[in-house]
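Just so you know, these numbers use all the heavy atoms, side chains as well, and skip hydrogens, waters and symmetry mates. Here is the naming used below: chain letters follow the sequence lines, and residue numbers restart at 1 for every chain.
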Amino acid sequence: MHVFLQELEALPPFDFELTVHNPAGWYWHNPLEVFSQGKVWTALHLSSGKLVGLRLGFKGSVEKPKVSMNVYSSQKLTNEEEKEIIELVVFGTGLKEDVSKFYNAVKNDSVLKHVIPNLYGMRRGTALNTHIFNSAILALTLQNAPIKRTDQMLELIVRNYGQRFTFDNKTTYTWPKPEIIMKASVGALTQKCKVGYRAKYLKSIAKTIHGGSCPTMRGLSLMPFEEAKAEVMKLKGIGEYSAEIILPHGEAFPIDIWSAQIFWKLFFPEKAAPHSKLEAIRRVREEAEERWGKWRRLSFVYVLCSLDNLSEKLNLQY
DNA sequence: GCGTCCAGGTCTACC
DNA sequence: GGTAGACCTGGACGC
C-alpha cells in the first residue's frame with residue numbers, strides 16, 4: 001500500500017470536527033465513512049479511476065488550523081492525482097472559505113446570532129465530487145421520503161454498488177461510479193436498494209454524466225447560480241429542490257416542505273403558515289434571499305445544525 | 001395482525 | 001401555463 005502524506009492549512013476560524021461530523025449527524029463525503037476520535041476515513045475514485053482511501057485529522061486550533069491528510073492507494077499516485085486529491089479535500093472541507101465574512105455579514109441577524117457561537121468555525125462540508133453523481137444520488141433519495149427512508153436507500157446504494165476498501169485498519173466504501181449504476185437494471189436497483197420509482201432516474205442521470213453531457217462540479221461552480229441551476233434541472237428527476245441540494249453555490253437554499261415549516265416559524269413567528277405548502281416554500285425562499293443573500297446556503301446549514309438550540313431560544317416547536 | 005394513509009418531490013397527462 | 005394524480009417503500013396509526 002502506498003501512502004502519500006500532506007498537511008493542509010485552513011483559513012481561520014476553522015473547526016474540523018463540526019465540518020466533517022456536524023451536530024445534525026450528516027455525513028461529510030459518504031454515508032459509510034468512518035468517524036472516530038476526531039479523525040475521518042473515507043474512500044473515493046479519482047478521475048483516472050484509481051481507488052484511494054483518505055484519513056483526515058486535525059492539528060493546531062480553531063484559530064491556527066491545520067488538517068493532516070494520509071492518502072492510501074494500491075498503486076503509486078502521479079503528481080496530477082495528488083494535486084486532484086488536494087483540490088478535492090480543500091474544496092470539500094471549505095479550508096479556503098473566509099467564514100469570517102459570513103459572520104460579519106449576518107452579525108445582527110435575529111436567527112443566526114443564536115446559532116453562530118456554538119458552531120464557530122464550521123464549514124458546509126461537501127462530498128468530494130469531480131462529477132455531480134454523488135450529490136444527485138443524495139438529492140433523489142431525499143425526495144418524497146422521511147429521513148429514515150433516505151438513510152436506508154443511501155446505505156443500500158453505497159453498500160451494493162460502491163467499492164469496498166480496507167486501509168489503515170478501517171473498512172469503508174466509495175460512492176458508486178456512474179457507469180456501474182448505468183449498467184444495473186431497474187429491477188436490480190429497486191430490489192437491492194429499495195429506491196422504488198427513483199431507479200429509472202438514477203440510471204438516466206448516471207448515463208448522462210457518463211456520456212459527458214452534464215457539466216462537472218467545477219464547471220457548475222464557475223457558472224452563475226441561476227444558469228447552473230437550469231443546467232442541472234435538465235436531468236431527469238431533478239427539480240428545483242434537488243438542483244439546490246446538488247449545486248455548490250452559496251445562493252442555494254434547498255428548502256422542502258419539512259424545512260419550510262422550521263424556517264417559517266423562525267422568519268414569521270407571529271404569522272400562521274399559509275394553507276398551501278408550496279406557497280410557504282415560496283415565501284420562505286424570498287425571505288431567505290432578502291435576509292441572507294449569497295450566504296443563504298451556509299445560513300441554512302447553520303440553522304439545521306442548531307434545531308435543539310433554537311428550539312430553546314425561540315420557543316420553537318418542530 | 002391487517003389495512004390504510006402518507007411523507008425532506010418530480011413528472012406527465014390533461015384541461 | 002396550470003394542476004391533479006401517480007409513483008416505491010415502510011413506518012405510524014386505527015381497528
Rounded interatomic separation in angstrom, taking CZ from A:R198 and P from B:dG9 | 9 Å
Do NZ/NE/NH1/NH2 and the carboxylate oxygens of A:R297 and A:E251 come within less than 4.0 Å?
-> no
Round to a whole Å and report the spacing from CG of A:L154 to C1' of B:dG8.
-> 12 Å
Exercise: identify the closest heavy-atom pair between A:V115 and A:S306 = CB-OG, 3.3 Å
Report all interatomic pairs (protein N or O, nucleotide N or O of nucleotides 13-15 of chain B) with separations under 3.5 Å.
none

Is the closest basic N to carboxylate O distance between A:E244 and A:R285 below 4.0 Å?
-> yes
Measuring from A:E240:CD to A:D256:CG, what's the distance to the nearest 0.5 Å?
-> 12.0 Å
Do the two ring centres, one from A:Y27 and one from A:F35, sit under 6.0 Å apart?
-> no
Under 3.5 Å, sequence neighbours excluded: what are the donor-acceptor pairs made by side chains of residues 66-74 of chain A?
from, atom 1, to, atom 2, distance (Å)
A:N70, ND2, A:Y72, OH, 3.4
A:S73, OG, A:Q75, O, 2.6

Indicate yes or no for a side-chain donor-acceptor contact from A:N30 to the backbone of A:Y173 under 3.5 Å, with no hydrogens or angles considered.
-> yes
If you look at every strand shown and take non-hydrogen atoms under 4.0 Å, does A:I147 touch a base, only sugar-phosphate, or nothing?
-> base
Answer with yes or no whether A:Y201 presents, from its side chain, a donor or acceptor under 3.5 Å of a partner atom in the base of B:dG9.
-> no
Within residues 231-246 of chain A, those residues having any heavy atom closer than 4.0 Å to DNA chain B are A:L235, A:K236, A:G237, A:I238, A:G239, A:E240, A:Y241, A:S242
In whole angstrom, give me the gap between the C1' atoms of B:dC5 and C:dG5.
-> 16 Å
When rounded to the nearest 0.5 angstrom, what distance separates NZ in A:K203 from CD1 in A:I181?
-> 9.0 Å
Tell me: NZ of A:K148 to P of B:dG8, nearest whole Å?
-> 13 Å
Should the ring pair A:F300 and A:F253 be called parallel, tilted or perpendicular, given that the plane angle runs from 0 to 90° and is split at 30 and 60?
-> perpendicular
In whole angstrom, what separates A:I281's CD1 from B:dG8's P?
-> 11 Å
Name the first nucleotide and the last nucleotide along DNA chain C (5' to 3') that come under 4.0 Å of a heavy atom in chain A.
-> C:dC7 to C:dG10
Are A:S135 and A:N129 close enough that a side-chain donor and a side-chain acceptor fall under 3.5 Å?
-> yes
Considering non-hydrogen atoms only, spot the tightest contact between A:T42 and A:F167 and give its length.
-> O-CZ, 3.4 Å
B:dG9: syn or anti, with syn meaning chi within 90° of zero?
-> anti
Residues which pass side chain to side chain contact (heavy atoms under 4.5 Å, CB included) with A:A188, listed by chain and number, not counting sequence neighbours | A:Y161, A:S185
Name each donor-acceptor pair under 3.5 Å that joins a side chain in residues 13-21 of chain A to protein atoms two or more places apart or in another chain, with its distance.
from, atom 1, to, atom 2, distance (Å)
A:D15, OD1, A:E17, N, 3.2
A:D15, OD1, A:L18, N, 3.0
A:T19, OG1, A:D15, O, 2.8
A:T19, OG1, A:R123, N, 3.1

For C:dG10 and B:dC11, measure between their P atoms and round to the nearest Å.
-> 23 Å
What pairs of donor and acceptor atoms, side-chain ones from residues 206-220 of chain A against any protein atom, are under 3.5 angstrom apart with sequence neighbours left out?
from, atom 1, to, atom 2, distance (Å)
A:T208, OG1, A:S204, O, 2.9
A:S213, OG, A:T208, O, 3.3
A:T216, OG1, A:G219, N, 2.9

Rounding to the closest angstrom, what is the interatomic distance between B:dT10 and C:dG11 at atom C1'?
-> 23 Å
Would you please name every residue forming a side chain to side chain contact (heavy atoms under 4.5 Å, CB included) with A:D109, sequence neighbours left out?
-> A:V106, A:V111, A:L112, A:R291, A:W292
A:N144 meets the side chain to side chain contact (heavy atoms under 4.5 Å, CB included) criterion, sequence neighbours left out, with A:Y197, A:R198
Write down the protein N/O and nucleotide N/O pairs, taken from nucleotides 5-7 of chain B, whose separation is under 3.5 Å; answer none if there are no such pairs.
none

Rounded off to whole Å, could you give me the CG-to-P distance for the A:L202 and B:dG9 pair?
-> 16 Å
DNA chain C stem ranges, 3 or more consecutive Watson-Crick or G-U pairs under 3.5 angstrom = B:1-7 with C:9-15, B:9-15 with C:1-7
Of all the nucleotides listed (B:dC11, B:dG9, B:dG8), which has the minimum atom distance to the side chain of A:Q143?
-> B:dG9
Who pairs with A:E226 by side chain to side chain contact (heavy atoms under 4.5 Å, CB included), at least two apart in sequence or on another chain?
-> A:K229
